[in-house]
Every structure is written in structure tokens, then in C-alpha cells.
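First up is the structure itself, then whatever we jot down about it.
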Amino acid sequence: MSTTGQHPAVDADELRRRVRDLLDAHPPATTAPLDFLRARFDAGLAWVHYPAGLGGLDAPRSLQAVVDAELAAAGAPDNDPRRIGIGLGMAAPTILGFGTDEQRQRLLRPLWTGEEVWCQLFSEPGAGSDLAALATRAVRDGDDWVVDGQKVWTSSAHIARWAILIARTDPDQPKHRGISYFICDMTDPGVEVRPLRQITGEAEFNEVFLTGVRIPDSRRLGEIGEGWRVAQTTLMNERVAIGGGRVPREGGVIGLVADTWRERPELRTHDLHQRLLRLWMESEAARLAGERLRQQLAVGQPGPEGSAMKLAFARLNQHISALEVELLGEEGLGYDDWTLRRPELVDFTGREAGYRYLRAKGNSIEGGTSEVLLNIIAERVLGLPPEPRTDKDVPWKDLPR
Amino acid sequence: MSTPDLLYSEAEDDLRAAVRSLLTDRCPPATVLSEAESGRAHDVALWGALGTEMGTAGLLVPDKLGGQGATAREAAVVMEELGRAVAPVPYLTSAVLAAGALLGCDTGQEPVARLLGALAEGRTVGTLAVPLSTMAGVSGPPAATVRADGDGTLSGQVSSVAGAAGADVLLVPATGADGYGLYAVETAETSVTVEPLTSLDLTRPLAAVTLTGAPARRLAGPDRAAAAIERALLTGAGLLASEQLGVAEWCLTETVRHTKERHQFGRPVGSFQALKHRMAALWLELVSARATARYAADALATDSPDTPVAVAVAQAHCAEVAVRAAEECVQLHGGIGMTWEHPAHLYLKRAKSDEIALGTPGRHRQALAGLVDLAAPTG
Ligand SMILES: Cc1cc2nc3c(=O)[nH]c(=O)nc-3n(C[C@H](O)[C@H](O)[C@H](O)COP(=O)(O)OP(=O)(O)OC[C@H]3O[C@@H](n4cnc5c(N)ncnc54)[C@H](O)[C@@H]3O)c2cc1C
């Protein structure tokens, strides 16, 4: 989505000028981080490809890198994108695409500054890969919807102010058609968040119970019954967000392992050497593929490679962290901490090899499993015939469950 | 090389049935998890039933020394079942490694015989005080990090010792004026500290052992100690392959069961060919893993000259099969496989630590290179 044609004025030089103005008016050294972030949003330098007034300048998306580099060089605070990943990666593009002006004005700024964290109330115990089978009900009651159901594996729900939520509003329709998309206030009565401990020992995700939660109709995104289409936007953005960050060479987990290799000659063996080199090469290849994807997007040639990046990231993260544990040998037998914690973000680099190894197992499950993504590539990219579907035109309420 | 027996005998099948039935009753995944979280070194009651009452603690110990007089073949069957249950008991550390090291000492000596008898009963728990990652050497026994002083005491530290926390006796390799030796130290001594470490494998906790002038009894001197320790480590590695087989087997069985029952898109997820083929491929790997584990057990049991090759092949192969099976188990369970309540993580953690325990697959392949004359390129 390139908008350069409409706004030829906003080029790299213009952005640099605006960054300088921002820094002059709000010197990072003397400005409270939150005030700086708000000012940055208001200056249109938050996400430059967003519309003016909503944190952007309708500039080409690729120019964000220019802004980020200038601000980083000036020591400006950042908005901790890892902590607010769901908001940035999934809620924001969906609100932008389907929200009313009022919703966009109210929600996007605190989302971007990190004042308000978002979570994603999609998956349910009975509906994971087959998300459209979800059973959480939303029943109209005057100007409100009354929501009942259970969500699961909800990352960040314990710190979230808002949630994107999909719920069934018409059980008589086939499963993809009777779904609507809402914004749920996590502080409302009837929302109960319970920690769900995971393989790493911590509880980064949660179970969320929704009991008679009243959501005003003004917090619906998209048309009634059109929630699946809205969710598609979220999910596509989720996959790109997960695989899509710009990284320098050795920027990921491979860098940690490479450093260990360089610093610890006593750990080296021929076997590990060959495997490390292969993974290093594959990481570099994946990094370049990601860079190429970004360049494609910048010149308005979006390709289907987005899902490929998420797949590659998951596979590499798993293989590299597995090698790291093995490389460490005796140290790999240990673990840093099994305490049940409720962290605010997934800290891949702040913890030890065992944590990385275990947490990486989730990379091929969260945001759509690798198997399901491979099916999507096979069917949508390669045009292979889909698996036979028995549930397409059957009303949801008549589906076997 | 005579033809190895790669099948299970009737007696071995009976032993398996008895062990499995005990573990099914007393050691379901929920118990393993709560036991692991309890901070206890191992499940004492379970070990009493399995090691003492059922007699598995003494399988490798000859009758005349108070054991069952069985062989590595039977011990391997027990290891398979323990792997299948990720059981928190000191079988590998006490009944295999410690007993194995003592069997390499002069069992005609009273202290050796007495300790062996006590371990065989299961009431006394021992372990070999070496880091769990130690591999039976291509280049000799593990260097001792403990010093034997003239006054019959030991001082020094050993890191990452499995089974130390629940042990009554540590078998410690140490060097002193008399050279390399194997010593017995009681953990009850105040000069012995066993500090539990946070371990990746919750079901086989590690500890750091510190000795500060600990009274010790020498069980073997330079003439026997090295060989005894080497043999114990080789036996441990060979039998660990059977544990890995058990881990892999549980993972495959449970994944098949789950994917048959879990419905998405209106059908069992196991009906998707993408998953079917992966489970079938895993089954194929298990077929060969079982053969290599059985061969290692048989070679150890018959004292075959091919034992080092058999152990290297079994370890290099089974370690990887177990890790792959556990990783597939987590993945094919989807989100539920990432949770603490579901036992998949216990198996993944066991498989991953077992991969490092007693030599990584890479190091076993390297050992194999020397054993079968396939030298690495030089330069
Ligand atoms: C760490 C983590 C964080 C998460 N965070 C969130 C969150 O914040 N919000 C949220 O809504 N959800 C979240 N999820 C849930 C996640 O999206 C689901 O777990 C995922 O979509 C898989 O669904 P499932 O767990 O029900 O697995 P299932 O759908 O039961 O899948 C089981 C297995 O079957 C395979 N399978 C299923 N269908 C097919 C098919 N058609 N072809 C081939 N194989 C198939 C799967 O790939 C998997 O291996 C999170 C999950 C994890 C692990």
C-alpha cells in the first residue's frame, strides 16, 4: 500500500526534518519517556505510513526505518514493541482497516505509546487451528452485546487493557458467516483472567472466562456476521508481524550461539561446527529473504512470502536453540528458573539456553501452526486442490463437536 | 561376532509387565509432575516398591552378592519402562552407574561387597559422582576434580551430579599420592554438601557436590578404578538408549491417541496426511531405535567385544529419536502441548537432557569414527 503519489512532499529528507523538530521541542534527555512518545505520535512519526492525525503522515512504509534510525541515534525512548506486539501487529491494522473514526481516535494513540496493552481473544479450547469453529456467543441486547464463553492461550491478557475478540452472533449460519468482531474492555465485569502455566514454568498466556460481559455495539469492528473477514486481516498481519522484524546479521538467537562459539573453544567439536555453520547460513538466508520482502512491499509488490517468514523463523529458532543447549553440554543440563512468573513479554535474549529452547517450541504453534501455514501455502500459493471439506455449508449449530 | 539376540525373552516380557503395571498405578504423569515440583530428589515410596520390593535395584548384581543376578538385557527393559513413565527414581544413577562402578572393583573385598549388597537391596541409594554429561572416554577415564589426602579424606567439587541429592553414598573418583582411585563417601557427613541445582529435567535433578575433608573409604586404586568407572559409564550410556526408546515410545503413542481424538475442521487432526506421515516416519525411527538399544543391551550382557560400537550407535541414534519424538509430541498437540499441566514437557525435558547425558550424539558419532576406522579429515 504505497501512498507516495498523494504525498510527494513526505520523503526521507522531510522526515529527517520533522524528527529534528521533534527532538528540538522534546529533548529526550529532559523529557519524560511517555511525554516523548505522545509527542512523537502527534508529530506523525510513530508509524509513518498511517494516516495523518493517527500517528502517521501517509508516507511510504519503508521510510519508517529512517525515522527509527534517527531517533535511536538521538537516544530517544522507544515504545517497547515486544511488550505491545499484539496491539501493534494485530489490533492496530484491524482498527485502522475496520474501525470508525471515533474508535481510531480513542484507541490508536495509547496503543502505540504502550499506555494500553492489547490481547487477542481468538482461540478457544475447541477452536484452535479451526478458529472459525469458535463457540463463544454474543447475543444482542438493546445497544449491547452480551458475551459468554471461554478463551484460551491468551498471551498478555493479565496486563491487557483491551482485547480483540471474535464471537458467534448467528449459530444458524455456516461457521465462517455467523461471527462478529468486537473490542472487549478487559476491565469490564464478567471478564476473568486466570494464569495458564506453560512449558517454560512461567505463565505468559492465560485462560479467559467471559460471563455475561456487556459490550456496546459501538465497539464492534466491521459488520455484524462479517467478523471472519475482519479476523483475516488480523491473522495476516499476525503472521507478518511474527516473522517480519528487521534484523541485522546475527541479530537473532544465532548471534548468541555464534558468540558462545567464539568465546568458548573448549566446547567446539567437528559435528557442532558443521551444524552451526549450516544454521548460520540459513539464518542469513532467512534474514535476506525478510529484507527482500520488505523491499518488495516498499515498491508495492506484496508477495505471499509473509507466511514463509513466519515458518522460517519458527524452524530456525527451534533448531538453533536446540543446538545451543547441546553445545553447552553440562551447562545445558541446567535451567535458569522454574518459578511461576507472569512476565510482560517473551524475553528470548534475557534468559538462558534452556528457556530459549522450550519457548521456541511455541513459535510453530502460536499465530497459526506451521502445519496450517504449509497448507495455506500449498493451496493459496501453489494452487493445489484443498482437502475435502465437509463443514462448509452446514449451519454452525449442526456441526459435530 | 556371534549373532546377537535382539528380541525380548519371556522373562523379560514378564518383568516389563510387572514394572509397567506398578508404574501405571503409582507413577501417572500427574504424580510425576507434583513429585518434581515437591523439591524432593526422588519418589522414595515408588523407589521402595520398584527397587526394593520388586528387586530391580539389584538386577545387575550377582546373586551371591545379594542381587538378582540378571543382566543388562533385563535392566534395559526396566529402563524402557522408566523412560515411558519419566519416573523420578534413582535407577540409572544408583542401580546402573553406582552398582556398575562397584562391580568393576574387587568384589572380593568386604567394603565393596557390602556396599553392592546394600545398593542391590535398594534401601541404600548411591550415585557415581561425575557430571551427568561425562562420556565413557575415548581418551581415558574422566579426570578427577577431587583430591585424596593422606589422612583418608577427600576435598574438591563435582558439578552436575545426577542422583546426588537423594543419595546416601557417593562414589567419588579422586587423585592423591596413590594415584587415581574410586572412593566411597557418606552424604551424611558434615563435610559433604550436596547443593541441588535447577535442572532442565525436573524428573532427574542434578546437584553440585562439595567435599571438604570428607572421610572416605578407598574401593579401588589405580589398577582398577579407571576401568571400573569407564565400564560403569559405558553400561550407563548403553542402557540410557533404552530409556530414550521408552521416552520416544510414550511420545508417539500419546500423540497418536491425541490426534485421533482431537477434532478440527470437522475431522480428527490425525486424519490429515501431513500429520499421518510424520507419525508414521517416527514409528519407523522407533523400529531402528529399538534394534540399536536391544543390541547395546545384549552386547553389554554378553560382554561382546563389539560393545563400544553397539553403545555408540545406540546412543547416537536413540538420543536423537527421543528428542525428535518429544518435539513432535509437543508440536502435534498444539497449544495444549505447551502447557505445564500436560505431561509432554516432562518428556521433552527428559529427552533433551538425556541427549547430553553420558555423551551427546555428536560425541558418540566421533567415538564411532575411531572405533570403525572412519577417521575425520585432517587439516
Ligand atoms: C505460546 C502461545 C501463545 C498463544 N497466544 C495466543 C493469543 O494470544 N491469542 C489467541 O487467540 N491464541 C493464542 N495462541 C493459540 C494458538 O493460536 C493455537 O494454539 C493454534 O492456533 C493451534 O490451535 P490448537 O492449539 O487448538 O491446536 P490444534 O488445532 O488442536 O492442532 C493440533 C495439531 O494438529 C495440526 N493440524 C490442525 N489442523 C490441521 C490441518 N488442517 N492440516 C494439518 N495439520 C493440522 C496442528 O498443526 C497441530 O500440530 C497461542 C498459542 C501458544 C502456543
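Chain letters run A, B, ... following the sequence lines, proteins first, then strands; residues in each count from 1.
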- Item | A/Phe209 six-ring face occupied by A/Arg194 cation (under 6.0 Å, within 45°) | yes
- Query: For the candidates B/Gly335, B/Ser159, B/Ala376, B/Gly334, which exhibits the highest count of non-hydrogen atom pairs separated by less than 4.5 Å from chain A?
  - Reply: B/Gly335
- Per-residue contact mode, B/Arg204 against chain A (heavy atom under 4.5 angstrom): neither
- Can B/Thr145 and B/Gln157 be counted as having a side-chain donor-acceptor contact under 3.5 angstrom? no
- Message: If you count heavy-atom pairs within less than 4.5 Å of chain A, which of B/Glu355, B/His342, B/Glu37, B/His263 leads?
- Response: B/Glu355
- Message: Between B/Ile336 and chain A, with a heavy-atom cut-off of 4.5 Å, which part of the residue counts as in contact: side chain, backbone, both or neither?
- Response: both
- Message: Keeping B/Glu328 on the side-chain end and B/Leu282 on the backbone end, is there a donor-acceptor pair under 3.5 Å?
- Response: no
- Item | Between A/Glu326, A/Arg389, A/Gln318, the one whose heavy-atom pairs under 4.5 Å with chain B are most numerous | A/Glu326
- Message: As an exercise: rank A/Thr269, A/Val325, A/Thr200, A/Val394 by heavy-atom pairs under 4.5 Å with chain B and give me the winner.
- Response: A/Val325
- Cationic tip of B/Lys352 above A/Tyr357 ring, under 6.0 Å, 45° of axis: yes
- Between B/Val269 and chain A, which part of the residue has a heavy atom less than 4.5 Å away: side chain, backbone, both or neither? neither
- Note on the structure: Honestly, the part of A/Asp130 sitting under 4.5 Å from a heavy atom of chain B is both
- Message: Heavy-atom pairs under 4.5 Å with chain B - which of A/Glu387, A/Lys361, A/His270, A/Glu330 has more of them than the others?
- Response: A/Glu330
- A/Arg359 NZ/CZ over A/Phe348 ring centroid, <6.0 Å and within 45° of normal: no
- Heavy-atom proximity to chain A below 4.5 Å, by part of B/Thr134: neither
- Query: CE of B/Met338 to CD of B/Gln331: how many Å apart, nearest 0.5 Å?
  - Reply: 9.5 Å
- Top contributor to chain B interface from A/Ala322, A/Ala132, A/Ala133 [non-hydrogen pairs under 4.5 Å]: A/Ala322
- Task: Would you kindly say whether B/Gln264 and A/Ser129 are connected by a side-chain donor-acceptor distance under 3.5 Å?
- Result: no
- Note on the structure: Applying a strict 4.5 Å limit to non-hydrogen atoms, the region of A/Leu272 in contact with chain B is neither
- Query: Counting only heavy atoms not in B/Glu261, do more than 12 fall under 6.0 Å of its CD?
  - Reply: yes
- Task: Quick one: which of A/Gly354, A/Pro400, A/Gly128 has the most heavy-atom pairs under 4.5 Å with chain B, could you say?
- Result: A/Gly128
- Query: Will you find, in the side chains of A/Glu204 and A/Gln198, an N or O donor that is under 3.5 Å from an N or O acceptor?
  - Reply: yes
- Query: If we ignore angles and hydrogens, is there a donor and acceptor under 3.5 Å between the side chains of A/Gln120 and A/Thr154?
  - Reply: no
- Message: Report which part of A/Leu358 has an atom under 4.5 Å of a heavy atom belonging to chain B: side chain, backbone, both, or neither.
- Response: both
- Item | Contact origin within B/Leu197 toward chain A - heavy atom pairs under 4.5 Å | neither
- Turns out that what part of B/Thr360 lies under 4.5 Å from chain A's heavy atoms comes down to side chain
- Message: Is A/Phe205 close to chain B through its backbone or its side chain, or both, or neither, when contacts mean heavy atoms under 4.5 Å?
- Response: side chain
- Scan side-chain atoms only and decide if B/Arg350 and B/Thr203 contain a donor-acceptor pair under the 3.5 Å cut-off. yes
